[in-house]
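Before any comments, here is the structure.
Here, residue 1 is the first one in the sequence, and each next residue gets the next number. Whatever order the structure lists them in is the order used to number ligands and atoms, beginning at 1.
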Amino acid sequence: MKTNKLKFGTKAVHAGIEPDTATGSIMTPIYQTSTYVQDGIGDHKGYAYSRTHNPTRTPLQNALASLENGKHGLTFGSGLAAIDAVLKTLHPGDEVIAVNDLYGGTYRIFKTVFEKFGIKFLFADMRTMDQLDSLISDKTKLIWVETPTNPTLQVVDIAEVAKRTTGTDILLGVDNTFATPCLQNPLDLGADIVMHSVTKYLGGHSDVVMGALVVKDDDLAKELYALQNSCGAINGPFDHFLVLRGLKTLHLRMRQHCANGKAIVAFLSNHPKVEHINYPGLPSHPNHEVAKRQMRDFGGMISFTLKGNKLEDAQAVVKRVNVFTLAESLGGVESLIGHPATMTHASIPKEEREKSGVVDSLIRLSVGVEDAEDLINDLEQALA
Ligand SMILES: *Cc1c(COP(=O)(O)O)cnc(C)c1O
């Protein structure tokens, strides 16, 4: 089905998928095979070896490209494996400027893996462009943006950053994990690469670890496909099947994540123990206007701090919840609660993380698709 003119929900259901030509199977079969018969040497149906191509992976890669309004999609063994592939396009001496509030694992792969290969990582507060402008040089080859950021929900103006990279040899990569293509399309705003931890909202059911990249440029795609094949960080066919299945309800799930997020923010806003709420949908959010412009809705991620900023208070709240589950990760149908300073962001030095707002009492919610009333009652008793 040609899906490029269709609306998002229709694309979520249909993009990339054709009924199986061998059997007519509506659902993409799980092609659990490593290799494929050749009629003569090199004479095959486009599939020679499953590290390179697999017929359960191809439709998902095409679906992701379509949902992000890109041309080429690539899946990887995890979100970090996708970032790893982007970084491998760089050379020793190149510089990367990244937003200073980052997923902890992204910070870790930058600093502990790629720095020793001679790539330099600089960090900028990108709520405004001043720091970024002072760091860009002719060594800059990649600008890495996460928006909204994890876990303080800072919003970066993607189009504004793209003004600095368009027409240069600097690539702009955007980690679109929190917003999903349902709420935000960075390629339309001038980014060169969109990255996803598919593990989160795209998979949507906390049952698979996967990453993805989507690009428009053919040469960049070629380079990334070569890295996908050369380095081999791929998932098996069953994982691709699970995500193909998850994607079909992405638009429905996001609608509920967003609605529940709004209801919980309204509850927290009136709670006497809550100090500050990070949520791009609040008019008091410093980049609310940018969020309104570049996102269709504000998502299901919320973080907040407690009055007094005590570690013990935050730990007590995350222990007392019943409907929310204390766990790392996010973006599944079930609501999760986390404590970034000691969980997802423990690999970032204390003074670094506090600079970007990851203080001791910060609590992060991944609001699921349950009934909002049950979620609010649960938070109410946990905060009491
Ligand atoms: C989880 C996450 C990643 C890493 O993805 P994995 O699939 O866990 O490797 C990267 N960025 C963000 C924003 C994430 O939430």
*Is ligand 1 under 4.0 Å from a heavy atom in the side chain of Lys200, in the backbone, in both, or in neither?*
side chain
*Does a salt bridge link Asp218 with Lys222, judged by any charged N lying under 4.0 Å from a carboxylate O?*
no
*asked:* I need the atoms of ligand 1 closer than 4.0 Å to a non-hydrogen atom of Met210, numbered in the order shown.
replied: 7 (O)
*Should Thr58 and Tyr47 be marked as a side-chain hydrogen bond (donor to acceptor under 3.5 Å, both in side chains) after you check the CA-CA gap, both sets of side-chain angles, and the distance that decides it?*
CA-CA 10 Å; Thr58 307; Tyr47 296 94; 2.9 Å; yes
*asked:* Quick check on contacts: which atoms of ligand 1 are under 4.0 angstrom from a heavy atom of Glu146?
replied: 13 (C)
_NZ/NE/NH1/NH2 to OD/OE distance under 4.0 Å, Asp125 and Lys355_ = no
*asked:* Ignoring hydrogens and geometry beyond distance, is a side-chain donor-acceptor pair present between Arg108 and Thr112 at under 3.5 Å?
replied: no
_Any side-chain to backbone donor/acceptor pair from Asn185 onto Leu67? Under 3.5 Å, distance only._
yes
*Would you call Leu330 a ligand 1 contact, heavy-atom distance under 4.0 Å?*
yes
*asked:* To check your reading of the model: name the closest protein heavy atom to atom 6 (P) of ligand 1, its residue, and the distance in Å.
replied: Gly79 N, 3.3 Å
_Could you tell me if Lys200 sits above the aromatic ring of Tyr103, with its cationic atom closer than 6.0 Å to the ring centre and no more than 45 degrees from the axis?_
yes
*Taking the minimum heavy-atom distance to atom 11 (N) of ligand 1, which of Thr177, Thr199, Asp175 ranks first?*
Asp175
*asked:* Below the 3.5 angstrom mark, is there an N/O of Ile83, backbone or side chain, next to an N/O of ligand 1?
replied: no
_Residue, atom name and distance, where the atom is the protein heavy atom closest to atom 4 (C) of ligand 1_ = Tyr103 CE2, 3.4 Å
*Are side-chain N/O atoms of Asn309 and Glu275 paired as donor and acceptor at under 3.5 Å?*
no
_Starting from atom 5 (O) of ligand 1, what is the nearest protein heavy atom, named by residue and atom, and what distance separates them?_
Ser197 OG, 3.0 Å
